[in-house]
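Residue numbering restarts at 1 for every chain, and letters A, B, ... go by the order of the sequence lines.
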Amino acid sequence: MNKFASQLLAHYKKNARPLPWRADATPYRVWLSEIMLQQTTVKTVIPYFEKFTQQFPTVEDLANASEEEVMHLWQGLGYYSRARNLHKCAKVIAFDKDGQFPTTEAELLTLPGVGPYTAAAIASMAFHQKATVMDGNVERVMARVFNLTLPLPTHKKAFKEKAIELTPNSENALYSNAIMELGATICTPRKPACETCPVQSECTTFQTNQNPEALPVKEPKKPKKVEHGAVYVIQDQNGDFYLQKRPEKGLLANLWEFPTTGWVGQSQTAPEGFEMIQSEAVMLGQIRHIFTHIDLTLDVFSYQGNMEAQTFQADNLPPLPTLMKKVLQTAQNPA
DNA sequence: TAACCGTGGAG
DNA sequence: TCTCCAAGGTT
């Protein structure tokens, strides 16, 4: 085993964080945690992981749940296509594969919601196969250890080749956890703890006294679209809320929302579709919500009346995305 | 293949 | 307030 891997493993064995999915690393629990951890921090994931494993102790339990139940538990975690793919994948495993996860990277890669990173993670952590996990943490560690200044994401392949070079033949599950934990806790994007790093002797950037915060180099991102619209919090005579389902594809797909106008790129909002109530609706304030690719501002209106949509009691609302929770918050507590 | 797809925290 | 970005995948 190379020196980088052995030093990293020695440190990890003494300092590993006791994460819930590590104690009992069954394929089901590893898979579930890895799907949740896609672009999501450990701290955010933990309560969701606990909820899911309590409600669905096995992949069969998850497969037999309703879509509504799964979406409800996922509420607030974001990237909702992950939840739909999670449910789809559970059904494949439970009903087509006799409850058994495939054990190789190539087979795992065919499952819904499982890409190159997650396939490698499951093969390594659940089945103890040799696989190289490649995520944002590992890219950053490789950039600094080898002082790679090639920009990402164009040169992802070069980073992966370096990561493969360092991957040990034994203790692969521990190593995969260890290198990501290094990136998450020591080799962090800003203010990395190089003084306490277990692999500083193997790190070119540290040894040549260069600035680790400058790495990895990333190509410029496209600016977000700025959009603006209006949302109407409409209550009937009983105080029940009118909600409608969003389209099955696209942003916040298939989730419930307060009725909104279209979103446009100007600062002026036309009450398209709500002309009839616009004159009587009361504007309560604005909310702003930043998505990955959209900077959205909504004018929040309230109105007493009726429309053609489903009503819900205030204390029994369906799963709402965070955007719509902000709308509700504004309606209940106007600025 | 580049665009799309949430949310919360750090600095 | 703004930028970055976190155990990425799909189309």
Side-chain angles (χ1 to χ4, degrees), chain A residues 16-17 19-22 25 29-49 71 74-86 88-89 108-126 131-141 152-154 156 160 163 173 175-185 187-192 213-214 216-227 246-255 288-297 319-326:
Chain A
R17 292 179 291 176
L19 303 180
W21 43 88
R22 284 182 179 161
R29 290 166 58 88
V30 170
W31 163 73
L32 177 61
S33 66
E34 292 301 339
I35 300 297
M36 290 182 166
L37 285 162
Q38 290 167 6
Q39 299 286 279
T40 310
T41 57
V42 165
K43 186 182 175 186
T44 300
V45 164
I46 286 176
Y48 285 88
F49 181 81
M71 295 309 291
W74 197 271
Q75 179 184 2
L77 194 53
Y79 285 136
Y80 296 94
S81 68
R82 288 186 298 171
R84 284 185 290 275
N85 283 144
L86 183 83
K88 204 182 296 179
C89 183
L108 287 161
L109 208 42
T110 68
L111 298 171
V114 176
Y117 163 76
T118 307
I122 299 172
S124 170
M125 298 174 189
T132 300
V133 290
M134 226 26 224
D135 72 333
N137 286 313
V138 181
E139 285 178 349
R140 185 169 57 256
V141 171
L152 289 170
T154 298
K156 271 180 174 292
K160 176 143 194 180
Y175 177 82
S176 295
N177 279 290
I179 193 160
M180 288 190 291
E181 183 134 327
L182 180 74
T185 62
C187 196
T188 50
R190 288 173 296 276
K191 299 192 179 300
E213 287 192 346
V217 176
K218 297 209 173 173
E219 283 141 9
K221 298 176 187 173
K222 225 184 111 182
K224 296 182 197 303
K225 288 183 198 166
V226 177
E227 297 188 347
R246 292 182 55 79
E248 290 186 11
K249 296 198 179 240
L251 186 69
L252 303 174
N254 214 27
L255 298 178
R288 187 166 176 229
H289 192 76
I290 316 277
F291 296 101
T292 305
H293 54 299
I294 301 170
D295 182 342
L296 174 67
T297 300
L320 294 176
T322 297
L323 168 66
M324 292 298 154
K325 287 186 173 174
K326 287 187 186 176

Practice task
Scan A:Lys156 against the nucleic acid and name what it touches under 4.0 Å (heavy atoms): base, sugar-phosphate only, or nothing.
Solution key: nothing
Problem - Within 6.0 Å of CD in A:Glu219, more than 12 heavy atoms from elsewhere - result: yes
Exercise for the section: Quick one: label A:Val114 by what it contacts on the DNA or RNA (base, sugar-phosphate, nothing), any heavy atom closer than 4.0 Å. Expected result: sugar-phosphate
Problem - Bounds of contact between DNA chain C and chain A, in 5' to 3' order, using a heavy-atom cut-off under 4.0 Å - result: C:dC2 to C:dT10
Exercise for the section: Please name all residues satisfying side-chain hydrogen bond (donor to acceptor under 3.5 Å, both in side chains) with A:Asp295, sequence neighbours left out, ordered by chain then number. Expected result: A:Arg288
Exercise for the section: Report the residues that fulfil side chain to side chain contact (heavy atoms under 4.5 Å, CB included) with A:Leu109, sequence neighbours left out, ordered by chain and then residue number. Expected result: A:Pro116, A:Ala119
Exercise for the section: Answer yes if the side chains of A:Arg82 and A:Asn85 hold a donor-acceptor pair under 3.5 Å, and no otherwise. Expected result: no
Problem - Spacing of CZ belonging to A:Arg17 relative to OG1 belonging to A:Thr185, to within rounding of 0.5 Å - result: 6.0 Å
Practice task
Determine the Euclidean distance between corresponding C1' atoms of B:dG6 and C:dC4; express it in Å to zero decimal places.
Solution key: 15 Å
Polar atoms only, N or O, under 3.5 Å: list the protein pairs with nucleotides 5-9 of chain B and their distances.
| residue | atom | partner | partner atom | Å |
| --- | --- | --- | --- | --- |
| B:dC5 | OP1 | A:Leu251 | N | 3.0 |
| B:dC5 | OP2 | A:His293 | NE2 | 2.4 |
| B:dG6 | OP1 | A:Tyr80 | N | 3.1 |
| B:dG6 | OP2 | A:Leu252 | N | 2.5 |
| B:dG6 | O4' | A:Tyr79 | N | 3.0 |
| B:dG6 | N7 | A:Tyr79 | OH | 3.3 |
| B:dG6 | N7 | A:Thr292 | OG1 | 2.3 |
| B:dG6 | O6 | A:Tyr79 | OH | 3.0 |
| B:dG6 | N1 | A:Gln39 | O | 3.0 |
| B:dG6 | N2 | A:Gln39 | O | 3.3 |
| B:dG6 | N2 | A:Thr40 | OG1 | 3.0 |
| B:dT7 | OP1 | A:Tyr80 | OH | 2.9 |
| B:dT7 | OP1 | A:Thr322 | N | 2.8 |
| B:dT7 | OP1 | A:Thr322 | OG1 | 3.4 |
| B:dT7 | OP2 | A:His289 | NE2 | 2.8 |
| B:dT7 | O5' | A:Thr322 | OG1 | 3.4 |

Handout entry: With sequence neighbours excluded, residues passing salt bridge (charged side-chain N to carboxylate O under 4.0 Å, His left out) with A:Lys225
Key = none
Exercise for the section: Examine the side chains of A:Tyr117 and A:Gln38 and answer whether a donor and an acceptor come within less than 3.5 Å of each other. Expected result: no
Practice task
For A:Tyr79, check ring-ring contact (aromatic ring centres under 6.0 Å, His included) against everything at least two apart and list the hits.
Solution key: none
